[in-house]
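As the structure is a prediction and not an experimental result, all values here were calculated from the model. Each chain gets a letter, A, B and so on, in the order its sequence line appears, and its residues count up from 1.
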Number of protein chains: 2
Amino acid sequence: MPEPRKPRKDAARNRAAVFAAADALFADCRSPEEVTMADIAAAAGVGKGTLFRAFGDRTGLIRALFEARLEPLGNAIEEGPPPLGPATPPPQRVPALLDALLCFKLDNRHLAQALEGTGADSPYRTEHYERWHTLLRDLLRRVPAPADSDFTAHALLAATRADLVAYLADEKGARREELRGQLAKFTAAVLGGTM
Amino acid sequence: MPEPRKPRKDAARNRAAVFAAADALFADCRSPEEVTMADIAAAAGVGKGTLFRAFGDRTGLIRALFEARLEPLGNAIEEGPPPLGPATPPPQRVPALLDALLCFKLDNRHLAQALEGTGADSPYRTEHYERWHTLLRDLLRRVPAPADSDFTAHALLAATRADLVAYLADEKGARREELRGQLAKFTAAVLGGTM
DNA sequence: TACGATACGGACCAGCGGTCCGCTTTTTCC
DNA sequence: GGAAAAAGCGGACCGCTGGTCCGTATCGTA
């Protein structure tokens, strides 16, 4: 691992400014598509070239931002205390993970929608989805479930898709606790049957 | 209902030509985004203006094509024989509907992906999704399920999202019967618990 | 056949993601 | 501290896409 040399001071500052600007813009607009790269650059006070050099393309920027926001949750899962951390027995951990994921998507629904709607490359080919799926699948294998663990993991994750969550919350007026309860019940049905 | 006057002969012919051309183009290309309106117009042997006059915009064209392809299935559900038709008791009809939907999305995955990935307007705000959801929800209410019928209907439909299906089939190499079996088992788990 | 209504089609436009390269800032080294 | 080199900056610029427009060709009708 050849220590990639620390970035310059202004580069770091700009990166943070871009994150903040993009976050705000995505939060405000109804559809992620109406936030253009030029908008983000302007709001962050940088040039468009800077955006593309730092993140490659639009998808790269969204992905980087998403990962950054997701990092705390990722840490809590990898090395945190129960019920998210690795010490939790699977039957409790699976619902906890899904609940945390739902909450995250609720809180960051605009960003998550931007990520999942990048179009060309489906949300499934990302390394980030792979992580969640593998984690969930392995946990499901350790709880005697009636259905195939691999597919079940996909199906459970599909229930927390950003556009579905946003639709239920924004169009249908579903409340946060309501959604959490529904997802919990659904998960329980999938897992145990008897609840 | 003011009988909307029958369309001109050439208009009807062009409409069919556009459908055929679009279908073929979507089937061939990897990502629906790389099929442009100009491509479709050229392949159908019509001008671009004709496309937009007939369908409004890109989304309208995709939607019209999708609905057209879905019509046979829709009829089978509304007035066909069991297990899809209305005479079927809910516990058998729900899995049958989901299976039929999965098969349809498998057969028309490119088109379905184009539809769901139109970006701006989420797939959920369409009248077509509303139909499926309502039908499924009402059926679920008539079978004593442990979880909320409304949410469960959304979750089950999410398991057949076009990009997920395409991902499993194309990237993961899942076979058709394999997927059908997995969805059936998953559905059974959600419905009955005991299977 | 002649005429009005309807539909055609391709030149045209605005706006997007993405590139490029001359210029500025930062770091490095003596 | 200063100069040279490296790293980064930014906005003019490009190709392409969805979408518009209107003169022209075609269809239905009498």
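- The aromatic rings of A:H154 and A:Y124 stand perpendicular to each other, their planes meeting at an angle above 60°, with 30° marking the opposite boundary.
- Listed nucleotides D:dG19, D:dG8, D:dG10 differ in distance to B:D57; the shortest reach to its side chain belongs to D:dG19.
- Distance B:F52 CZ to C:dA11 P: 16 Å, rounded to the nearest Å.
- Counted by atom type alone, A:H110 and A:D23 present zero donor-acceptor pairs between their side chains at under 3.5 Å.
- Residue order along DNA chain C, read from the 5' end via each residue's closest nucleotide, puts A:T36 first among A:G56 and A:T36.
- Listed pair A:N14 / D:dG8 fails the phosphate criterion, with no side-chain N or O lying under 4.0 Å from OP1 or OP2.
- Screening A:R63, A:R161, A:R125 for a salt bridge (Lys or Arg N to Asp or Glu O under 4.0 Å) involving A:E116 leaves a single residue, A:R161.
- For B:K9 against D:dG28, a side-chain-to-base donor-acceptor contact under 3.5 Å is absent.
- Of the two residues contacting DNA chain D, namely A:A12 and B:D10, the nearest-nucleotide position lying further toward the 5' end is that of A:A12.
- Here D:dG18 presents its C1' atom at 12 Å from CD of A:E33, a figure rounded to the nearest Å.
- For the pair A:R13 CZ and C:dT24 C1', the interatomic distance rounds to 13 Å; values are reported in whole Å.
- The interatomic distance linking A:M37 (CE) with D:dG10 (C1') rounds to 16 Å, in whole Å.
- Atom P of nucleotide D:dC22 and atom CZ of B:R53 are separated by 12 Å, given to the nearest angstrom.
- Considering only side-chain atoms of A:R58, the nucleotide from C:dC16, C:dG18, C:dC8 that sits closest is C:dG18.
- The nearest pair of heavy atoms linking B:P146 to A:A189 is CG-CB, 3.7 Å.
- B:T50 comes within 4.0 angstrom of a nucleotide base, judged by non-hydrogen atoms across all strands.
- A salt bridge (Lys or Arg N to Asp or Glu O under 4.0 Å) with A:D99 is found for exactly one of A:K105, A:R93, A:R180, namely A:R180.
- Scanning atom types as modelled, one donor and one acceptor separated by under 3.5 angstrom connect the side chain of A:R8 and the base of D:dA7.
- Taking atom CG of A:L51 as the reference point, atom P of D:dG8 lies 15 Å away to the nearest angstrom.
- Between the P atom of C:dG17 and the CZ atom of A:F55 lies a distance of 15 Å, rounded to the nearest Å.
- Comparing C:dC8, D:dG8, C:dA11 by their closest approach to the side chain of B:K48 singles out C:dA11.
- In this entry the distance linking CG of A:D39 with P of C:dG15 reads 12 Å, nearest Å.
- When the nearest nucleotides of DNA chain C are assigned to A:A38 and A:G49 by heavy-atom distance, the more 5′-ward of the two goes with A:A38.
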